[in-house]
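Inspection log for the structure reproduced underneath, given as structure tokens.
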Amino acid sequence: MTIDRLTEQKSYFSAELLAWYRRHKRDLPWRRNRNPYHIWVSEIMLQQTRVDTVIPYFHRFIEKFPTTEALAEAPEEEVLKAWEGLGYYSRARNLQTAVREVHERYGGVVPSTKEEVFSLRGVGPYTAGAILSIAYNQPEPAVDGNVMRVLSRYFLIEEDIMKGSTRVTMEKLAQELIPEGAAGDFNQGLMELGALVCTPKSPNCLTCPVMAHCAGRAAGMEEALPVKKKAKPPRPERRVVSLILGDGPNAGRILVRQRPAEGLLARLWELPHTEAPKAGENAPEAPLAAAAAHEALAAALAADGLGLGPAAWLMHAEHTFSHIRWDMEVYVCRPEPSPLGADVPPLLPSHYRWIRREDMDQLAFPNVFLRILDTYFES
DNA sequence: AAACCGGGGGC
DNA sequence: GCCCCAGGTTT
């Protein structure tokens, strides 16, 4: 009786990849122990974010919130500040929500069953598998972008990896491949191979531990895989931004506001800004007239009870999110002189605040506003 | 299934 | 400029 070819290809892959990982694994901060909380934090930070970006954030975060209890008890604004610049801020708020749940329901111990881990806020199929396999060495698959790329090449799978059904197929396959008793190392090896060898472009097949049985390589398809439908381009939005300098008791301060609790950049702080009138269909790239910019800004601020004085153009800024592209013109402004005199500034809605530059240490700003403020303060 | 949700690095 | 990254939630 002969072992069929697919079975041989699988067992070869499992054994060689595991051995390769144990020889080549990088020394990463979250690999220094098996603290489930550390593993968890690292996996949330690593969602859609590169290892090199995460490392300094991980160190600072664990230093500031060393335990689930510390994170559960921290003010949300401190957590957001620690996340500032990482993006996808719902990850931070969901993580704190989930940690509080771990305290209320599981006595502060990160649970170790699939149902319980998966039910935690911000923990989906990938992260649940990662926590269970890496922290608890349970034989659960952890299929991320790296794993889909590696498996699609090695097994020559041409399904669109953007489809949910493909991920399910990959999870079944990945689970079958886990060597007995080595789920954590194997899953990390799969991702490590994707990050270091089986890269999206120009994979280093000649150094790959499983090249000998790689069907994608044998077919000359490694560069064409995985098959992935193209994403829609982000829709453009033209925005006008105000950097408002205070006078009277607010001299030396700038006006900032906190974003709503839901939606884009939820609860982060920003310079007041508003969407500018759409450019005409026939001239979408025409520069926005200064007068039109001031009018839009003044109208938006008037709705919050603040009058806007003259404005001087400062800079252009662009920022691209996954689904929106902000095309911004920034103006330096003064408040409209108060009818009661400069010593009695008008009352502001509670989500606005006059701050000094030092106060920014306490508030989380999206990177695009940090860049604008840096430019202003350095000029 | 598609949209929403950031930001940066590599080429 | 484009891709895509140790994805999850909502609609």
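A, B, ... follow the sequence lines: proteins, then strands. Residue 1 opens every chain. Reckoned from all heavy atoms, side chains included, excluding hydrogens, waters and symmetry mates. Since this is a predicted model, take the numbers as computed values, not measurements.
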Given [options], which nucleotide is nearest the side-chain atoms of [X]?
X: Thr53(A); options: dC3(C), dG7(C), dG9(B); result: dG9(B)
X: Phe321(A); options: dA6(C), dG6(B), dC3(C); result: dG6(B)
X: Arg50(A); options: dG8(C), dC5(C), dA6(C); result: dC5(C)
X: Ala195(A); options: dG7(B), dG9(B), dA6(C); result: dA6(C)
X: Arg31(A); options: dA6(C), dC5(C), dG6(B); result: dA6(C)
X: Asn146(A); options: dC5(B), dG7(C), dA6(C); result: dA6(C)
X: Tyr126(A); options: dC4(C), dC5(B), dA6(C); result: dA6(C)
X: Arg371(A); options: dA6(C), dG6(B), dG8(B); result: dG8(B)

Select base, sugar-phosphate, or nothing to describe what [X] touches, counting heavy atoms under 4.0 Å on all strands.
X: Gly194(A); answer: nothing
X: Val123(A); answer: sugar-phosphate
X: Leu265(A); answer: sugar-phosphate
X: Ile161(A); answer: nothing
X: Ser90(A); answer: nothing

In terms of ring plane angle, is the pair [X] and [Y] parallel, tilted or perpendicular, where the classes change at 30° and 60°?
X: His213(A); Y: Tyr12(A); answer: perpendicular
X: Trp326(A); Y: Phe321(A); answer: perpendicular
X: Phe369(A); Y: His273(A); answer: tilted

If I take atom [atom1] in residue [X] and atom [atom2] in nucleotide [N], what distance separates them, rounded to the nearest angstrom?
X: Arg267(A); N: dC5(B); atom1: CZ; atom2: C1'; value: 15 Å
X: Lys228(A); N: dC3(C); atom1: NZ; atom2: C1'; value: 8 Å
X: Leu196(A); N: dG10(B); atom1: CG; atom2: P; value: 13 Å
X: Leu151(A); N: dA6(C); atom1: CG; atom2: C1'; value: 14 Å
X: Trp40(A); N: dG7(C); atom1: CH2; atom2: C1'; value: 16 Å
X: Glu270(A); N: dG6(B); atom1: CD; atom2: C1'; value: 15 Å
X: Leu190(A); N: dC5(C); atom1: CG; atom2: C1'; value: 16 Å
X: Ile39(A); N: dA6(C); atom1: CD1; atom2: C1'; value: 12 Å

Considering only atom [atom1], compute the distance from [N] to [M] and round it to an integer number of Å.
N: dT9(C); M: dG8(B); atom1: P; answer: 24 Å
N: dG8(C); M: dG9(B); atom1: C1'; answer: 23 Å
N: dC4(C); M: dC5(B); atom1: C1'; answer: 16 Å

Inset, instruction - For the residue pair Lys10(A) and Phe155(A), establish whether any side-chain heavy-atom pair is separated by less than 4.5 Å. - result: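 Sidechains of Phe155(A) and Lys10(A): in contact.
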Inset, instruction - Return the nucleotide paired to dC5(B): Watson-Crick means purine N1 to pyrimidine N3 with N6-O4 or O6-N4, wobble means G-U with N1-O2 and O6-N3, both under 3.5 Å. - result: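 dC5(B) is paired with dG7(C).
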Inset, instruction - Check the side chains of Glu116(A) and Ser119(A) for a donor-acceptor pair under 3.5 angstrom, ignoring hydrogens and angles. - result: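 Note: Ser119(A) and Glu116(A) side chains miss the donor-acceptor criterion.
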Just to confirm, is there a sub-4.0 Å distance from OP1 or OP2 of [N] to any side-chain nitrogen or oxygen of [X]?
X: Lys232(A); N: dA3(B); answer: yes
X: Thr127(A); N: dG8(C); answer: yes
X: Tyr88(A); N: dT9(C); answer: no
X: Arg149(A); N: dC5(C); answer: yes
X: His323(A); N: dC4(B); answer: no
X: Lys230(A); N: dC2(C); answer: no
X: His319(A); N: dG6(B); answer: no
X: Arg121(A); N: dT10(C); answer: yes
X: Gln48(A); N: dG7(C); answer: yes

Legend entry - Same cluster (ILVMFWY, side-chain, under 4.5 Å), Tyr88(A) and Tyr126(A):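 Per the 4.5 Å side-chain linkage, Tyr88(A) and Tyr126(A) are not co-clustered.
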Inset, instruction - Compute both the distance and the angle, then confirm whether Arg60(A) meets the cation-pi test with Tyr57(A): under 6.0 Å from the six-membered ring centre, within 45 degrees of the axis. - result: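 Judged by the rule, Arg60(A) and Tyr57(A) form a cation-pi pair.
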Legend entry - Quiz item: Thr49(A) side-chain donor-acceptor pair to dG6(B) base, under 3.5 Å: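 Donor-acceptor pair under 3.5 Å: yes.
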Legend entry - First of Ser165(A) and Leu268(A) reached from the 5' end of DNA chain B, by closest nucleotide: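 The 5'-side residue here is Ser165(A).
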Legend entry - 5' priority, DNA chain B, between Thr320(A) and Lys229(A) [closest heavy atom]: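 On the 5' side of the pair lies Lys229(A).
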Legend entry - DNA chain C: 5'-proximal contact among Phe118(A) and Glu43(A) (nearest heavy atom):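 Nearest-nucleotide comparison on DNA chain C picks Glu43(A).
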Inset, instruction - Verify the ring-centre separation between Phe186(A) and Tyr21(A): is it less than 6.0 angstrom? - result: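 No, ring centres 6.0 Å or more apart.
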